[in-house]
There are 2 protein chains.
Amino acid sequence: MATIYEVSKAAGVSLATVSRVMNGNSKVSERTRNKVLKAMDELGYRPNAIAQSLASNRTNSVGLLVSELHGSFFGDLMSTVEKELRADGKHVIITAGHSDEAREKEAIEFLKSRRCDALILHAEAVCDDYLRELNESGVSLVLVNRMVPGMEQQCFVLDNEAGGYLATKAAIDAGHRDIGYISGPQSKEDARQRLAGHVRALREAGLNTENALVYQGDYHESEGANGFKQLWQQHPGFSALICANDEMASGAMTAAREEGINVPEQLSVVGFDDVLFARYLHPRLTTVDNPVSAMGLMAARWVLHNVYKKKLSGVIKNVFLPELISRDSLGTHL
Amino acid sequence: MATIYEVSKAAGVSLATVSRVMNGNSKVSERTRNKVLKAMDELGYRPNAIAQSLASNRTNSVGLLVSELHGSFFGDLMSTVEKELRADGKHVIITAGHSDEAREKEAIEFLKSRRCDALILHAEAVCDDYLRELNESGVSLVLVNRMVPGMEQQCFVLDNEAGGYLATKAAIDAGHRDIGYISGPQSKEDARQRLAGHVRALREAGLNTENALVYQGDYHESEGANGFKQLWQQHPGFSALICANDEMASGAMTAAREEGINVPEQLSVVGFDDVLFARYLHPRLTTVDNPVSAMGLMAARWVLHNVYKKKLSGVIKNVFLPELISRDSLGTHL
DNA sequence: CTGTTAGCGCCTTCAT
DNA sequence: ATGAAGGCGCTAACAG
């Protein structure tokens with residue numbers, strides 16, 4: 001691999017001049033620039049990004065922490081972020097935190113040791129204080145899917161409460177009165193908010209929220225099935241089931257079918273997230289859109305603007321409102 | 001951020017000594033080692049990976065090229081590779097090539113400029129010669145899902161022909177004689193091989209392969225639907241449809257349902273890949289397993305062994321044999 | 001506009 | 001076992 005020094009010799013100029021034509025900031029005469037370009041070309045020169053980073057104290061890389069590397073939710077997030085950042089020559093170092101506090105911290109330390117210029121975090125296990133400290137310690141960071149008081153401008157979130165409300169409201173509007181709910185783990189903020197939205201919709205419609213039909217799941221498909229079975233046993237014949245995510249909705253639909261219950265004729269089901277496979281389900285799942293890509297885009301733009309001083313294209317939006325995606329799994333109830 | 005120099009001062013030793021305790025290779029007396037450790041701890045010292053890389057000419061990072069950052073296939077691949085490599089302190093720089101030659105080359109150049117110690121490539125657009133040259137130019141690389149003559153030891157592939165055979169053979173064994181096939185784009189090697197396997201199974205069973213029922217799709221869901229419609233029009237009433245991937249199988253099933261055709265009672269469907277949503281489909285899809293994770297694991301291990309000189313855990317396998325995953329979409333035909 | 005000269009933070013012989 | 005010193009390849013003042 002040719003170095004900048006060899007290029008400078010070949011072009012008969014100084015080392016600094018080569019550096020200048022590479023970075024294109026300060027002025028270089030047309031003639032010398034061409035000489036240098038020619039030399040670079042002939043030597044097949046590629047700058048050593050590592051050395052550049054050390055000297056400039058800038059790595060042109062941003063760290064991205066997700067919970068998992070698979071799954072459509074994170075796939076969309078990574079995809080959007082990488083695309084937006086790559087378009088400006090930055091690159092993304094991706095790590096997984098596996099929803100575990102120790103591993104999330106380790107992953108963040110890892111990203112710091114690589115001297116990322118900025119961090120985009122989907123952190124769900126570490127506490128608010130840790131994130132605030134990190135923020136104040138000087139690293140540029142933004143948070144996806146999480147709202148930390150005091151860092152509002154750096155947080156990109158979905159209004160989960162509104163989404164929960166939307167899902168249940170849709171069922172109520174379709175005539176349902178007996179509505180079950182399978183929630184996410186209440187240790188997670190988004191799961192709590194989705195449930196809160198559900199309760200608000202119920203209350204607003206004058207429905208009983210005291211001994212409501214609620215089962216706490218864990219966002220996995222199997223708990224959707226378990227939840228359905230338990231709720232159905234507890235109160236056979238309810239007409240609609242709202243699930244805090246699509247995976248559990250899928251599990252619930254399968255379990256219902258096994259019991260010989262038709263969806264949506266006998267039981268309506270509504271999901272949340274609108275993951276890729278929601279439309280592959282049978283019947284196609286009515287669900288609430290989770291604009292991951294849009295949030296990822298904002299996170300990337302924030303970084304481009306605030307860290308790399310790029311001028312903004314469009315406005316930065318922090319809170320996203322969900323939409324109902326109407327498909328076939330929610331039927332009307334007379 | 002504290003530097004190695006500050007640590008050395010705080011510990012009252014030389015800079016070299018600090019470096020030694022960090023890397024733990026050469027001997028350092030117990031006492032000095034402790035002094036250094038203590039100083040590092042008190043200063044909250046974290047080595048600067050960039051500087052380490054520049055000095056040691058090793059980045060401890062491996063580049064991973066995939067076609068897309070989303071989708072279960074690549075999700076599984078990234079997930080496995082990252083996990084295996086992270087366990088040994090290496091990190092992964094992921095880029096997407098979008099099945100486009102120019103973008104794949106650009107991504108590879110990018111990875112090279114970051115001085116990755118090794119490359120794991122899922123390259124489908126660049127030609128064999130390019131890959132061979134890259135290989136001979138000195139960068140350590142392995143290929144996933146692609147066999148390049150002359151680099152067999154660095155290729156990790158599925159026997160697609162065997163998979164294609166397996167799928168069709170299963171249908172034949174279930175009594176089907178009228179069998180349609182929706183292939184992948186014949187510009188792709190794997191698609192050609194899967195089709196070849198299909199034809200072999202047909203021929204072996206003494207079935208007509210001349211004017212076979214074959215539609216060339218593009219691996220996307222919509223082409224599954226189009227393919228089904230066209231084949232059904234061309235030859236109404238065939239009893240089994242083999243699709244070169246699960247997405248197209250899903251599209252075909254949906255299209256069939258819209259025509260009022262029951263799966264699997266009236267039409268059996270078999271997919272390929274066993275992507276995540278295959279079991280969410282209704283009926284649950286019978287398909288051929290594509291051991292992406294296993295291939296990713298091998299790729300990661302090869303790198304660990306050949307580049308980082310780690311001793312092997314288990315044996316390295318280059319060619320994987322597919323298995324049939326029997327679920328509900330393939331019925332028997334009398 | 002171009003060249004000189006310090007570093008960036010760390011690793012690695014070579015001495016001691 | 002430990003220290004001194006010279007790079008790794010590049011950037012960024014500072015001169016000229």
Side-chain angles (χ1 to χ4, degrees), chain A residues 1-40 43-61 89 109 112-117 138 308-309, chain B residues 1-40 43-61 89 109 112-117 138 308-309:
Chain A
M1 282 270 158
T3 73
I4 194 174
Y5 176 69
E6 304 178 48
V7 174
S8 76
K9 260 198 330 195
V13 298
S14 85
L15 215 151
T17 303
V18 178
S19 175
R20 290 193 182 98
V21 349
M22 283 182 48
N23 299 303
N25 26 27
S26 34
K27 328 238 120 292
V28 178
S29 84
E30 193 60 23
R31 261 191 62 242
T32 37
R33 132 170 281 104
N34 283 140
K35 278 195 306 192
V36 172
L37 254 20
K38 181 157 157 288
M40 296 213 288
L43 290 164
Y45 171 73
R46 325 233 93 233
N48 181 327
I50 301 294
Q52 287 180 312
S53 296
L54 186 62
S56 67
N57 199 28
R58 165 139 298 186
T59 59
N60 285 314
S61 72
E109 278 303 329
K112 280 171 62 181
S113 82
R114 297 305 305 186
R115 297 301 193 267
C116 292
D117 297 329
Y308 296 114
K309 306 306 172 196
Chain B
M1 282 274 157
T3 73
I4 196 175
Y5 176 68
E6 305 178 48
V7 175
S8 76
K9 261 199 327 197
V13 299
S14 86
L15 211 150
T17 304
V18 178
S19 175
R20 290 193 183 97
V21 349
M22 282 182 48
N23 299 304
N25 27 26
S26 37
K27 332 240 119 273
V28 177
S29 84
E30 193 60 23
R31 261 191 63 242
T32 39
R33 134 171 279 103
N34 284 139
K35 280 194 305 190
V36 173
L37 255 19
K38 182 154 156 288
M40 296 214 282
L43 289 164
Y45 171 73
R46 324 232 91 236
N48 182 328
I50 301 294
Q52 286 180 313
S53 296
L54 186 60
S56 67
N57 199 27
R58 168 140 294 187
T59 59
N60 284 316
S61 71
E109 279 303 329
K112 279 172 64 181
S113 82
R114 297 303 306 185
R115 297 299 193 270
C116 292
D117 297 329
Y308 296 114
K309 305 307 172 194

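Throughout, a chain's letter reflects where its sequence line sits, starting with A, and its residues are numbered from 1.
- The shortest distance between side-chain heavy atoms of A:E6 and A:Y45 does not fall below 4.5 Å.
- Taking side-chain N and O atoms only, B:S14 has no distance below 4.0 Å to OP1 or OP2 of D:dA4.
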Identify the pairs formed between an N or O of the protein and an N or O of nucleotides 9-12 of chain D at a distance under 3.5 Å, and give each distance.
residue: D:dC10; atom: OP1; partner: A:Y45; partner atom: OH; Å: 2.4
residue: D:dC10; atom: OP1; partner: A:N48; partner atom: N; Å: 3.2
residue: D:dC10; atom: OP2; partner: A:I4; partner atom: N; Å: 2.3
residue: D:dT11; atom: OP1; partner: A:N23; partner atom: ND2; Å: 3.4
residue: D:dT11; atom: OP1; partner: A:Q52; partner atom: NE2; Å: 3.0
residue: D:dT11; atom: OP2; partner: A:S19; partner atom: OG; Å: 2.9

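- For the pair B:Q52 and B:M22, the minimum side-chain heavy-atom distance is below 4.5 Å.
- In this model, the phosphate group of C:dT2 is approached by a side-chain N or O of A:S29 to a distance below 4.0 Å at OP1 or OP2.
- Following rounding to the nearest Å, B:K9 (NZ) and D:dG3 (P) show an atom-to-atom distance of 15 Å.
- We find that CZ of A:R58 is positioned 16 Å from P of C:dG9, with the value rounded to whole Å.
- Two residues are said to be in side-chain contact when any heavy atoms from C-beta on lie closer than 4.5 Å; B:S8 and B:T17 fail this criterion.
- Under the rule for a salt bridge (charged side-chain N to carboxylate O under 4.0 Å, His left out), the partners of A:E109 that lie at least two apart in sequence or sit in another chain are A:K112, B:R46.
- Rounded to whole angstrom, the span from the CZ atom of A:R33 across to the C1' atom of C:dT2 amounts to 13 Å.
- For B:S29, the side chain to side chain contact (heavy atoms under 4.5 Å, CB included) partners at least two apart in sequence or on another chain are B:R31, B:T32.
- A:K9 is linked by a salt bridge (charged side-chain N to carboxylate O under 4.0 Å, His left out) to nothing, counting only residues two or more places apart in sequence or in another chain.
- Under the 4.5 Å side-chain criterion, counting only non-hydrogen atoms from C-beta, B:N60 is in contact with B:Y308.
- The CG atom of B:N34 sits 16 Å away from the C1' atom of D:dT2 (whole-angstrom rounding).
- Relative to the axis of its first five pairs, the axis of the last five pairs of the helix from C:dC1-D:dG16 to C:dT16-D:dA1 sits at 30°, rounded to 10 degrees.
- For the pair B:V36 and B:R20, the minimum side-chain heavy-atom distance is 4.5 Å or more.
- Taking 4.0 angstrom as the limit, B:T17 places none of its side-chain polar atoms (N or O) nearer than this to OP1 or OP2 of D:dA1.
- As rounded to whole Å, 12 Å separates atom C1' of C:dC1 from atom NZ of A:K35.
- Residues passing the side chain to side chain contact (heavy atoms under 4.5 Å, CB included) test with B:S53, sequence neighbours excluded: A:I50, A:R114, B:T59.
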